[in-house]
Undergrad: 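One structure, pasted below without further comment.
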There are 2 protein chains.
Amino acid sequence: MNIGQAAKASGVSAKMIRYYEETGLVMHAQRSEKGYRLYSEKDVHTLRFVRRARDLGFTVDRIADLLALWRDTGRQSAEVKQMAIGHVAALRKKITDLEEMAATLEHLADCCAGDHRPDCPILSDIATGAHGPAKSAHRFGALSDKKS
Amino acid sequence: MNIGQAAKASGVSAKMIRYYEETGLVMHAQRSEKGYRLYSEKDVHTLRFVRRARDLGFTVDRIADLLALWRDTGRQSAEVKQMAIGHVAALRKKITDLEEMAATLEHLADCCAGDHRPDCPILSDIATGAHGPAKSAHRFGALSDKKS
DNA sequence: ATTGACCTTGCAATGATTGGAACCTCTATT
DNA sequence: AATAGAGGTTCCAATCATTGCAAGGTCAAT
């Protein structure tokens, strides 16, 4: 099947399939005489694996590791479990960071009259930094995912 | 004061100060005879505002809005509150997405023996997609913040 | 005068993804 | 057979916030 079919069947966009191939995450696809990429059911299966791992928040690098483990029938499940646990920890860390932000902001919003008057504890707080430094977690733009 | 001092005083790196100036988030700094950027206490105050807003997870675009409201002494606090509430909602949405990922993965990890044997429900699940599609939330790389 | 710290600009890379342009191929209909 | 439209190919650019590097100018003190 062509890349469009594979995309539909796997849930990975054609663009991303090409990207994954280019970066070596997945094998180079076979080509037809005229240069079209050709995909087997097995290829689609692999792409679905990638898609699901991505949905679980793994980075492409981690997914490469997972794919290697998946293909290695002699793997030790301990390795996989370790990766999963490490990832869960990263997720939880990020969650607490976001929760701190949300809690701070929610508290400020609660303190704000939200009417026609200009007085606003939210702005005052941001300006003076009365709340504890909400640590890291920048580059948040990536979170406002287009797909959300 | 020079950009280095302003960076230290505001918590915004010199690089980012230049970037914010270039993109118009903050005003162009005054310059010395030899072209060095010069900052006043007021400038540093503004930069600190930006830093704190960033720490609360606002995007640069939103911060521009916040800055405008901050400077507009005739603003209505309702506007600010609305922005804050909207942002809290975005944060909460992201949190639930991450929580779903973490919960799924944690469950899988719990089901995995994690020993020398190759059998691994984590990999099986990712491969077959037994769990519900964990919706969106890709581009997760940005979450593994270098500052974390 | 030299050193080292600091400043300037500009360009590239990050990570995952999308978009577009220019061009080629396949299939179906006129 | 000609043509249209859908879908394939490559390459290049943009996103968002941030960092790094390089080549060069400036400032302070030794």
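Chain identifiers are assigned alphabetically (A, B, ...) following the order of the sequence lines, protein sequences preceding nucleic acid strands; residue numbering begins at 1 within each chain.
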Undergrad: So does A:R54 get a side-chain nitrogen or oxygen closer than 4.0 Å to the phosphate oxygens (OP1/OP2) of C:dA16?
TA: no
Undergrad: Given atom OH of B:Y20 and atom C1' of D:dC16, what is their separation to the nearest angstrom?
TA: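 Computing the B:Y20:OH to D:dC16:C1' distance gives 11 Å.
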Undergrad: Step by step, would you call A:R92 with A:V88 a side-chain contact (heavy atoms from CB on, under 4.5 Å)?
TA: CA-CA 6 Å; A:R92 297 251 182 257; A:V88 167; 4.0 Å; yes
Undergrad: Determine whether a donor-acceptor pair (N or O, by modelled atom type, separation under 3.5 Å) exists between the side chain of A:R48 and the backbone of A:A9.
TA: yes
Undergrad: Taking the side chain of A:R18 as heavy atoms from C-beta outward, which of D:dT9, D:dT18, C:dT9 is closest to it?
TA: D:dT9
Undergrad: Counting heavy atoms from C-beta on, name the nucleotide in C:dT8, C:dC7, D:dT18 closest to the side chain of B:R37.
TA: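 Ranking C:dT8, C:dC7, D:dT18 by closest atom to the B:R37 side chain puts C:dT8 first.
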Undergrad: Kindly indicate whether the side chain of A:M1, heavy atoms from C-beta on, has any atom under 4.5 Å from the side chain of A:V44.
TA: yes
Undergrad: Measure the shortest side-chain to side-chain distance between B:Y39 and B:R37 over non-hydrogen atoms and say whether it is less than 4.5 angstrom.
TA: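 When only atoms from C-beta onward are counted, B:R37 and B:Y39 do touch, with a gap below 4.5 Å.
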Undergrad: Got a list of protein N/O to nucleotides 20-22 of chain D N/O distances below 3.5 Å?
TA:
residue	atom	partner	partner atom	Å
D:dG20	N7	B:K15	NZ	3.3
D:dG20	O6	B:K15	NZ	2.7
D:dC21	N4	B:K15	NZ	2.3

Undergrad: Please state how far atom CD1 in B:I17 lies from atom C1' in C:dT8, giving the value in whole angstrom units.
TA: 14 Å
Undergrad: Looking only at side chains, do A:S40 and A:D43 share a donor and an acceptor under 3.5 Å apart?
TA: yes
Undergrad: Please give, in whole Å, the distance from C:dA16 P to A:D61 CG?
TA: 7 Å
Undergrad: Would you find more than 12 non-hydrogen atoms of other residues, nucleotides or ligands less than 6.0 Å from B:R117 atom CZ?
TA: no
Undergrad: In Å and rounded to the nearest 0.5 Å, what is the OG1 to NZ distance from B:T46 to B:K42?
TA: 5.5 Å
Undergrad: Once you round it to whole Å, what is the distance between P of C:dG10 and CD of B:E21?
TA: 12 Å
Undergrad: Working note: B:V12 + B:Y19, criterion side-chain contact (heavy atoms from CB on, under 4.5 Å); need CA distance, chi angles, decisive distance, verdict.
TA: CA-CA 11 Å; B:V12 180; B:Y19 171 75; over 6 Å; no
Undergrad: Tell me which residues in residues 22-30 of chain B lie within less than 4.0 Å of DNA chain C, going by non-hydrogen atoms.
TA: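 Listed by number, there are none.
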Undergrad: Any side-chain N or O of B:Y19 below 4.0 angstrom from OP1/OP2 of D:dT19?
TA: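 Checking D:dT19 against B:Y19, no side-chain N or O comes under 4.0 Å of OP1 or OP2.
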Undergrad: Could you state the CD-C1' distance from A:E33 to C:dC24, rounded to the nearest angstrom?
TA: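 So the CD-C1' distance, A:E33 to C:dC24, works out to 15 Å.
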Undergrad: Is it true that B:D65 and B:R62 make a salt bridge, defined as a side-chain N closer than 4.0 Å to a carboxylate O?
TA: yes
Undergrad: Both A:N2 and B:V60 contact DNA chain D. Which one's nearest nucleotide lies toward the 5' end?
TA: A:N2
Undergrad: Would you say A:S13 places a side-chain N or O within less than 4.0 Å of OP1 or OP2 belonging to C:dT17?
TA: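 False: A:S13 side-chain N/O out of range (4.0 Å or more) of C:dT17 OP1/OP2.
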Undergrad: For the side chain of B:I3, counting heavy atoms from C-beta on, which of D:dT10, C:dC7, D:dT19 is nearest?
TA: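 Of D:dT10, C:dC7, D:dT19, C:dC7 is nearest to the side chain of B:I3.
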Undergrad: If you define the side chain from C-beta out and look only at heavy atoms, does anything of A:I63 sit under 4.5 Å from A:Y20?
TA: no
Undergrad: Find out whether A:E99 and A:I95 are in side-chain contact, i.e. whether some heavy atom of one side chain is under 4.5 Å from a heavy atom of the other.
TA: yes
Undergrad: Any idea how B:H45 and B:W70 line up, ring-wise: parallel (<30°), tilted (30 to 60°), or perpendicular (>60°)?
TA: perpendicular
Undergrad: Between N or O atoms, less than 3.5 Å apart, protein on one side and nucleotides 26-30 of chain D on the other: list the pairs.
TA:
residue	atom	partner	partner atom	Å
D:dT26	O4'	B:Y36	OH	3.3

